[in-house]
Amino acid sequence: MAIRKEPVDVVLVGGGATASIMGKELAEAGQSVVALERGPMRQTVPDFQSPTMHDELKYSVRHSLMQDPSVQTITFRNFVGQQALPMRQLGSFLPGEGVGGAMVHWNGQTWRFQPEWFELQSWVRDRYGDDFLPDDVAIQDWGVTYDELEPYYDFWEQVLGVSGTAGNVGGEARDGGNPFEGPRSRDYPNPPMKQSASGHLFEKGARELGLAPFPVPSANVTRHYTNPFGAKFKPCMYCGFCETYGCEHYSKASPQVAILPFALKNPNFELRPHSYVLRVEHDGEEATGVTYVDAEGQEVFQPAGMVALCAFAHHNPILMLKSGIGQAYDPETRTGTVGRNFTYQTMTGISVFYDGDVRINPFMGAGALGTATDDFNNGSFDHSDLGFVGGAYIAAYQTTGRPIHHHPVPPGTPRWGAEWKQAVARHYNSTVGITVHGSSTPHPNNYIGLDPTYRDAFGQPLGMLTFDFPHNDRQMSHYVTSKAEEIAHAMGGNEISVGWLDDHYSIVPYQTTHNTGGAIMGADPETSVVNRYLQSWTCTTCGW
Amino acid sequence: MKGLSRRDLLKAGAAGAALTVPGTSGYAQEADTRPMPPERPDGPLDTALEYGRDEDVLLWFKPDEAKFVEAAIARLIPADDEWPGAKEAGVLVYIDRQLSGAYGSGARMFLNGPWKPDAPPQQGYQLRYTPAELYRLGIKQTREWLGERDDRELWDMEDAEIDEVLSALESGKAQLPSVPAPVFFETLLANTVEGWFADPVYGGNRDMVSWRMVGFPGGYAQYLELVDNYNYRYDREPMGIAGGAALFAQQARKEDG
């Protein structure tokens, strides 16, 4: 028999970015709020401090800040009909675990979507006609527009202290910014980051080709800054330990720095770490609370008037499936909505080798220290003759010189032995990496379900991910990676090596933690899971 | 307390690494008042390790396993005229420590069945073995495979011959009974690269030798003033976790007056 807690107005599943901001706002609106975080409490001091935080093995290789797959993981397969198997170790993506969630170990790259993305289906139809795309490119409009969301984008950037150069303020073009961004109501709250050696070389190459490079908007804050809540940031030190690390300097915006202190000081808000939510309880129409396992291993029922799912992207539809909220998507019949249209990000990369001619000093880095071009993002170019939709931004990030993961060698170098070692020594400090951050369009075969075989430490079924790169995205990736290759050639290196998109998506190598989809937002209950307010169509007091 | 000079700080920063160099440990100067360590056993140990030092004790590998792994890593990252290799940098101790701890026992791995060891590579590691078990079996089965072809152990072979064995594991040409040879090889290679480049606190990368080789200054890092100084020649002595801790302790003492 589960322990029954005193009812609260709202229970939040998770203790990361969305739970922090909702916790703060709801508590201030007079609601009693409990946030249930599966991992431990973590604070900038003492948990993220040097010298022990700057440990590549512990944090980047052994994933100390991430989800523990021995407790709960997902299963994975490339296609419907294949046997899904458990992701036994983290690899392709890195969900966080512990207070702050993945926003502790993120890089701080703080992009807005281009306006076209919000109404993609209508935009493609209007621009390229009804027959431009095959049916299996399952894009939809979101039910909200960029203009509606702009004030919230703006506020979020103020909360995070984003550093950048505006390219479009109120429809007016600004030099040095991103000319392809949607209109902004004002400048970024902080000036852009300094430009790294990698960005400097990339910018020269991109300009030679007539492209429009600009500094990546960054939540690695560039000066002493106080956000609208009163949170104080310090300037980024460019230490090169951002992604997979907690920031020791109060420079990278995390919930701990930017939001959480202002929720925690409100007596209406309670944060309960070590609370692993198993399911949402409901009566078919309304959520009644959640059941979780506490630190002592006891099952606890937390009654609540409203439940907000604030877990990592794919955990939310998995929780809905386990709780029987909404109709599960069935790829055979293509009916149901929950879990449908899981999407990811389509990543490729290029290395430019200067072969000892220049010193890059890659260790002088930061998570969002990048120079990018948005010339090949979806809304920036004409797809008429290309047969696909979507696009990518291309960037030279200088995030790290941490050598276990960063030791580029030219193609044809042996993978080990004397020649490998000499190549590592030669190229470590004179190689620039370019990455192509591509869109991921939904496909009817890519979805989140529940695994019929494997179970987690609580005896519950694991979520099951079915995913491979759709044809549309392979074409997009090839097109934009070819453009990145032209930039690489213009950068004046001695040799380049292009990492084209793999034949099939693999769960093994790290690619990106930008897992998306699976619980579509929209205006039609037939084709979406939540409405434009992220409220479940079928369980009206459950949402995100 | 008297302030330390920059030179003293650099020495303090190097202290963690200096402990691993024979004859320079802080204890050595006090040795005349302490019992002598036991004599080395007869015969050479055939390893770079020093007998009787805490940091060289092997916790997981049995003696023959250690010789096998040391012979392999000495070829994966060999010493050359300019720089020592994985063997000299203590990578054997690094791997041994990893296998005897959380990583070796499969912590943070989902180890529930059922098992499907012949899964396609896109689905990742699907063997039932923990990393420590993978090494134990991988070494045993490789030695048996070798025994059918040669009357010598790996560690008695010439460099080029060892390279051939490693290549046979890497390519899968070596067929082992229950361990896919490429999985064993890739694990060994990944762990060797980790030990070579990780902070020296983990037992490898002694004297920060790999960091010196590439020019990585270590975990102690802030480059706000230098990041846009293009082509800057940065040649500060590398500093890892131990050096950073020594520096912070020194700063704290200063602040205490």
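Quick note: numbers below take in every heavy atom, side chains included, and nothing from hydrogens, waters or symmetry partners. A note on names: the letters A, B, ... follow the listed sequences, proteins ahead of strands, and every chain is numbered from 1.
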Would you check if the side chain of [X] reaches a backbone N or O of [Y] as a donor-acceptor pair within less than 3.5 Å?
{"X": "A/E56", "Y": "B/E194", "value": "no"}
{"X": "B/R108", "Y": "A/M66", "value": "yes"}
{"X": "B/Q126", "Y": "A/P86", "value": "yes"}
{"X": "A/R88", "Y": "B/M109", "value": "no"}
{"X": "A/K421", "Y": "B/P78", "value": "yes"}

Do [X] and [Y] have side chains that approach each other closer than 4.5 Å (heavy atoms only, starting at C-beta)?
{"X": "A/H54", "Y": "B/M239", "answer": "no"}
{"X": "B/F110", "Y": "A/S70", "answer": "no"}
{"X": "A/I404", "Y": "B/W196", "answer": "no"}
{"X": "B/W211", "Y": "A/F363", "answer": "no"}

Which heavy atom of [X] sits nearest a heavy atom of [Y], and at what distance?
{"X": "B/P121", "Y": "A/S506", "answer": "O-OG, 4.1 Å"}
{"X": "A/L85", "Y": "B/A119", "answer": "CD1-CB, 3.3 Å"}
{"X": "B/S167", "Y": "A/W416", "answer": "OG-CZ2, 3.7 Å"}

Using heavy-atom distances under 4.5 Å, tell me whether [X] contacts chain B through its side chain, its backbone, both, or neither.
{"X": "A/L462", "value": "side chain"}
{"X": "A/L201", "value": "neither"}
{"X": "A/T453", "value": "side chain"}
{"X": "A/Y238", "value": "both"}
{"X": "A/R455", "value": "backbone"}
{"X": "A/N361", "value": "side chain"}

- If the plane angle is over 60° it's perpendicular, under 30° parallel, otherwise tilted; pick one for A/H407 and B/F197. parallel

Relative to chain B, which of [options] shows the most heavy atom pairs under 4.5 Å?
{"options": "A/M193, A/R77, A/Q83", "result": "A/Q83"}
{"options": "A/G91, A/G365, A/S196", "result": "A/S196"}
{"options": "A/M237, A/K58, A/M53", "result": "A/M237"}
{"options": "A/T73, A/I507, A/V508", "result": "A/I507"}
{"options": "A/A457, A/A197, A/G417", "result": "A/G417"}
{"options": "A/T75, A/V424, A/N429", "result": "A/V424"}

Please classify the contact between [X] and chain A as side chain, backbone, both or neither, with a heavy-atom cut-off of under 4.5 Å.
{"X": "B/Y125", "answer": "both"}
{"X": "B/W83", "answer": "both"}
{"X": "B/L189", "answer": "side chain"}
{"X": "B/A79", "answer": "backbone"}
{"X": "B/E170", "answer": "side chain"}

Heavy-atom pairs under 4.5 Å with chain A: which of [options] has the most?
{"options": "B/P114, B/A245, B/A198, B/G124", "answer": "B/P114"}
{"options": "B/A107, B/S210, B/G113", "answer": "B/G113"}
{"options": "B/D199, B/I77, B/L111", "answer": "B/I77"}

Quick one: pull up [atom1] in [X] and [atom2] in [Y] and give me the separation to the nearest 0.5 Å.
{"X": "B/D81", "Y": "A/Q422", "atom1": "CG", "atom2": "CD", "value": "9.0 Å"}
{"X": "B/Y202", "Y": "A/L57", "atom1": "OH", "atom2": "CG", "value": "5.0 Å"}
{"X": "A/Y454", "Y": "B/N112", "atom1": "OH", "atom2": "CG", "value": "9.5 Å"}

- For A/W420 and B/V193, run side chain to side chain contact (heavy atoms under 4.5 Å, CB included): C-alpha distance rounded to whole Å, both residues' side-chain angles, the deciding distance at 0.1 Å, then the answer. CA-CA 11 Å; A/W420 173 83; B/V193 171; 4.1 Å; yes

Enumerate, atom names and distances included, each donor-acceptor pair closer than 3.5 Å involving a side-chain atom of residues 217-233 of chain B, sequence neighbours excluded.
{"residue": "B/Y230", "atom": "OH", "partner": "A/Q195", "partner atom": "O", "Å": "2.7"}
{"residue": "B/N231", "atom": "OD1", "partner": "A/R359", "partner atom": "N", "Å": "2.7"}

- Message: Is it the case that over 12 heavy atoms from other parts of the model lie below 6.0 angstrom from the CZ atom of B/R128?
- Response: no

- Item | More than 12 heavy atoms from other groups under 6.0 Å of NZ on B/K116 | yes

- Does B/Q98 have any side-chain hydrogen bond (donor to acceptor under 3.5 Å, both in side chains) partners at least two apart in sequence or in another chain, and if so, which? A/R62

